[in-house]
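What follows is a short report on a single structure.
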Amino acid sequence: MRARFVALFCIAAMVAAFAWTGFESVSTGVFAQGPPAGQGGGRGAVPVGAPGQGRGRGAAPPILGPPDGVQPLAIDLFSSKNFYKDRANWLDKRYYRCNNPRQLYGMWDQQRIGPKPPESASWGDCNDDWPRERILSPYPYKTAREHYQALLAQTKAKGGPTTT
């Protein structure tokens with residue numbers, strides 16, 4: 001009985017000493033970065049799960065279906081059982097539901113995955129694409145080796161390559 005009393009007394013003394021010195025326990029909760037909004041809070045101050053809020057970043061975006069005039073594929077990345085068997089569709093924008101790589105990467109963070117992932121993933125803009133001219137190399141070389149040989153020839157014409 002005495003040992004139990006001593007143990008409880010020691011625990012109480014440690015808790016009191018900890019509180020008295022001003023140390024606080026480490027917070028890993030919602031407000032770990034500061035107080036909530038309206039109380040001096042900054043970024044991330046909206047609590048998770050607040051009504052109408054999506055993970056502290058505002059309302060979740062709407063989950064969009066296929067754009068007008070776009071016929072979805074029978075099987076896409078989000079409904080496929082085996083991605084590797086769909087190789088014939090990999091270059092079709094509809095296979096990725098017209099999402100670009102950045103949208104695919106951030107699908108969970110942006111809450112565009114829908115209520116029944118992955119089948120409910122949102123569609124992107126099928127007209128959002130870079131023109132071919134922005135993708136192609138501005139150089140006349142067909143291969144990296146051809147480009148290297150041209151650079152080496154320029155270097156030799158100027159007396160190089162040299163070592164120091």
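Note that the coordinates shown come from a computational prediction; the quantities given were computed from them, not determined experimentally.
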For the pair Y139 and H147, name the ring-plane relationship: parallel under 30°, tilted 30 to 60°, perpendicular over 60°.
-> tilted

More than 12 heavy atoms of other residues, nucleotides or ligands under 6.0 Å from CG of L91: is that the case?
->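 No - once you tally the heavy atoms of other residues, nucleotides and ligands closer than 6.0 Å, there are 12 at most.
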
More than 12 heavy atoms of other residues, nucleotides or ligands under 6.0 Å from OH of Y141: is that the case?
->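 Yes, enclosed.
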
Check for me, please, whether [X] and [Y] land in the same ILVMFWY cluster - side-chain distances under 4.5 Å, paths through other members count.
X	Y	value
L77	M107	yes
F83	L104	yes
W90	F78	yes
Y96	W108	yes

Can you measure from [atom1] ([X]) to [atom2] ([Y]) and round to the nearest 0.5 angstrom?
X	Y	atom1	atom2	answer
I113	I63	CD1	CD1	8.0 Å
L73	D92	CG	CG	4.5 Å
Q103	R97	CD	CZ	13.0 Å

Check: S79 side chain, E119 main-chain N or O, donor-acceptor pair, under 3.5 Å |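 Checked: no pair found.
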
Below 4.5 Å, heavy atoms only, C-beta onward: do R112 and N99 meet side chain to side chain?
->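 A side-chain contact exists here, since the closest heavy-atom pair is under 4.5 Å.
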
Heavy-atom check, side chain of P61 versus side chain of Q111, under 4.5 Å = yes

So V70 and K93, side-chain contact (heavy atoms from CB on, under 4.5 Å) or not? Walk me through it.
-> CA-CA 10 Å; V70 175; K93 290 185 212 180; over 6 Å; no

Please report the closest heavy-atom contact between E146 and P140, naming both atoms and the distance.
-> OE2-O, 4.2 Å

With P66, the side-chain contact (heavy atoms from CB on, under 4.5 Å) member among C98, P72, C126 |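 So, applying the side-chain contact (heavy atoms from CB on, under 4.5 Å) to P66 and each of C98, P72, C126, only P72 qualifies.
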
